[in-house]
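I have placed the structure first, in the form of structure tokens, so that the comments after it can refer back to it.
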Amino acid sequence: MQFLGSTSQQIFDCIRSLVINAELLPGDALPPVRELADILEVNRNTVSSAYKRLAKAGIAVTQGRLGTTICAPPSAGEQEGLSIDSRLIDLADGNPNPKFLADPLVLFSASALKRFLYGEATILPELHAIGASWFAPDCPESYTLELTHGAVDAIERLVAAHLVVGDKVAVEDPCFLGTQNVLRLAAIETVGIAMDDQGMLPQALSAALNQGVRAVIITPRAQNPSGCSLSANRAQALQKIISGHPNVLIIVDDHFALLAEADYYSVISQSTTHWALIRSTSKGLGPDLRVAMLASDPVTATRLRARLAPGMSWISHILQTIVAIALASKEVADQLCEAQAAYQKQRAHLCCALRAQSIAVNQNADGLNIWIAIVVDEMALCHALAKRGWLVRPGKAFQVKTKDPAIRVTVSKLQEAQAQKFASDLSICMRQLTRRALA
């Protein structure tokens with residue numbers, strides 16, 4: 001393998017070509033800076049500059065004294081979604097129950113669609129009016145409303161608008177898969193903030209802010225995977241801490257707002273310069289009716305609008321029309337109430353069944369999921385449950401820094417009898433694994 005170049009750009013291009021042609025593979029180590037500088041007869045700073053550019057481009061990773069190695073190509077990462085194994089009862093998919101989702105054909109047939117052209121308003125007036133009434137009680141004054149393709153898309157656009165490669169972002173630990181994937185692909189460093197049943201721990205967030213995080217992503221209700229919602233006291237404590245860091249971007253991902261039982265408590269401080277509150281329709285109307293309304297400060301809105309401008313990537317007016325009809329429909333509102341009550345009942349059934357087996361969980365969880373801390377190896381437990389017909393999600397997929405074993409269980413389609421059986425099987429599997437570990 002031959003390294004060529006006398007300038008930083010030429011060395012960068014050479015190594016990039018070696019990677020493209022598979023002459024350098026993921027995990028391969030590049031020569032130390034001094035060694036390659038001697039080989040090419042150039043200044044060490046020239047090689048160092050090339051290596052820094054390779055790292056910034058995501059081609060290599062520099063690890064100080066451990067050297068510089070070639071990165072694996074970007075991957076989507078672990079995703080939510082249905083299992084292909086129909087033999088198992090899927091409690092891992094993170095999906096809402098289809099029977100509670102609005103029928104898109106009915107909504108479509110009720111719409112009076114018209115043709116839209118370049119240059120027209122990017123948000124339908126009727127959807128803007130719905131959003132304005134939804135957000136007004138919970139936002140600082142002078143907010144601006146925008147639309148994105150769901151909460152994860154909103155986070156991705158906000159990250160692109162405000163942050164640069166290498167910035168640090170504070171997230172809940174455990175953290176939603178979509179958020180983790182967005183930050184990883186953007187080469188943003190995630191800083192996990194420990195949680196309890198009321199959400200982020202104030203002391204942990206304060207420490208992260210003091211160490212230079214540039215943004216905080218926080219879920220006020222039905223946090224995925226934990227199910228936690230902020231209490232009024234916890235939100236107030238976090239807001240007080242955030243107020244001392246006015247230039248930090250605050251992203252509030254209120255993704256479950258259409259179905260949440262818990263009240264909304266804001267962490268956005270009056271002193272915060274840049275902020276965004278996101279509310280999505282995905283869980284209530286369905287993942288394919290994927291629209292998120294996003295309220296933000298005017299500067300953030302201007303940056304977002306540059307990426308959502310007419311002729312570039314506005315949200316389909318056809319999709320907006322269907323969502324507006326759904327959100328204004330009494331039938332859909334009744335369906336959302338039915339879904340909220342059903343999810344509450346299913347969570348309660350599972351929590352009660354787990355408690356009967358002396359398995360501790362957050363009794364006040366909201367959303368579609370229950371987080372269960374365990375004291376055995378989580379992968380072994382997942383395999384043991386699969387043998388009994390249950391598919392659950394291992395906790396490590398969501399964890400940023402913590403390594404405490406856990407599993408996440410989606411309750412949206414779980415019936416009461418199934419909850420009893422699952423809790424019993426979980427208890428049996430944990431006892432068996434404990435005995436095996438002590439043997």
Side-chain angles (χ1 to χ4, degrees), residues 77 140 151-231 233-256 264-278 294-297 300 303 371 395-404 406:
V152 173
D153 181 50
I155 291 171
E156 185 170 31
R157 291 177 186 277
L158 288 163
V159 166
H162 276 287
L163 304 178
V164 298
V165 170
D167 278 348
K168 296 179 180 180
V169 174
V171 300
E172 292 133 341
D173 191 2
C175 179
F176 177 53
L177 296 176
T179 300
Q180 290 193 61
N181 288 333
V182 162
L183 297 176
R184 177 176 50 79
L185 291 172
I188 300 294
E189 182 180 344
T190 55
V191 178
I193 307 299
M195 304 173 64
D196 62 14
D197 288 353
Q198 298 181 56
M200 277 187 178
L201 296 176
Q203 301 91 333
L205 178 60
S206 179
L209 287 167
N210 290 333
Q211 291 168 12
V213 299
R214 302 302 298 268
V216 178
I217 302 176
I218 190 165
T219 313
R221 299 184 280 191
Q223 196 265 351
N224 187 353
S226 71
C228 294
S229 298
L230 296 178
S231 66
N233 288 339
R234 179 59 53 82
Q236 186 177 30
L238 294 174
Q239 185 183 99
K240 183 177 180 180
I241 290 167
I242 287 168
S243 69
H245 301 268
N247 295 320
V248 172
L249 171 66
I250 305 300
I251 301 174
V252 181
D253 180 11
D254 194 18
H255 69 104
F256 205 67
Y264 174 79
Y265 298 109
S266 178
V267 300
I268 300 169
S269 166
Q270 290 295 330
S271 66
T272 298
T273 306
H274 299 305
W275 59 270
L277 171 59
I278 305 163
L294 186 155
S296 70
D297 66 273
T300 296
R303 295 185 183 185
W371 182 258
K396 68 176 183 179
F398 304 93
Q399 291 168 329
V400 179
K401 180 172 64 175
T402 59
K403 301 300 179 185
D404 298 331

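Because only heavy atoms are used, hydrogens play no part in the values below, and waters and symmetry mates are left out as well, while side chains stay in.
Applying the ring pair (Phe, Tyr, Trp, His ring centres under 6.0 Å) test to every pair with at least one member in residues 158-200, sequence neighbours left out, gives these pairs: His162-His274.
Of all heavy-atom pairs between Ala204 and Ala194, the closest is CB-N, 4.2 Å. Contact record, Asn224 with His255: N-NE2, 4.4 Å, taken as the closest heavy-atom pair. Closest heavy-atom contact between Thr219 and Leu230: O-CG, 4.3 Å. The heavy-atom pair separating Ile241 from Pro202 by the smallest distance is CD1-O, 3.2 Å. Closest heavy-atom contact between Gln239 and Ile268: NE2-O, 3.2 Å. A pairwise comparison of heavy atoms in Lys168 and Val191 identifies CB-CG2, 4.0 Å as the closest pair.
At distances below 3.5 Å, at least one donor-acceptor pair connects side-chain atoms of Arg303 with backbone N or O atoms of Ala161. A donor-acceptor contact shorter than 3.5 Å is absent between the side chain of Asn210 and the backbone of Ala207.
The distance from the CD1 atom of Ile188 to the CG atom of Leu163 is 5.0 Å, given to the nearest 0.5 Å. In this structure, Ile250 CD1 and Thr273 OG1 are separated by 10.0 Å, a value rounded to the nearest 0.5 Å. Remark: Leu201 CG to Ser206 OG distance equals 12.0 Å, nearest 0.5 Å. The CG atom of Leu277 sits 12.0 Å away from the CG atom of Asp297 when rounded to the nearest 0.5 Å. The line from CG of Leu238 to CE of Met200 is 7.5 Å long, rounded to the nearest 0.5 Å. Atom CG of Asp153 sits about 9.5 Å away from atom CG of Leu158, to the nearest 0.5 Å.
Put simply, the side chain of Tyr264 reaches to within 4.5 Å of the side chain of Arg221, judged on heavy atoms. With a 4.5 Å cut-off on side-chain heavy atoms, Leu205 and Ile242 count as touching. In this structure, the side chains of Asp173 and Gln399 come closer than 4.5 Å at one or more pairs of heavy atoms. No side-chain heavy atom of Ser269 sits less than 4.5 Å from a side-chain heavy atom of His245. When side chains are defined from C-beta on, Thr190 does not count as touching Cys175, because their heavy atoms never get closer than 4.5 Å. Looking at Leu183 and Val159, their side chains come closer than 4.5 Å, going by heavy atoms from C-beta outward. Side-chain contact check for Val152 versus Ile155: every heavy-atom pair is 4.5 Å or farther apart.
Under the rule for a salt bridge (charged side-chain N to carboxylate O under 4.0 Å, His left out), the partners of Arg234 that lie at least two apart in sequence or sit in another chain are Asp196.
Checking Val252, Thr272, Val216 one by one against Val267, the side-chain contact (heavy atoms from CB on, under 4.5 Å) holds for a single residue, Val252.
Checked by atom type, the side-chain pair Ser226/Glu172 shows no donor-acceptor distance below 3.5 Å.
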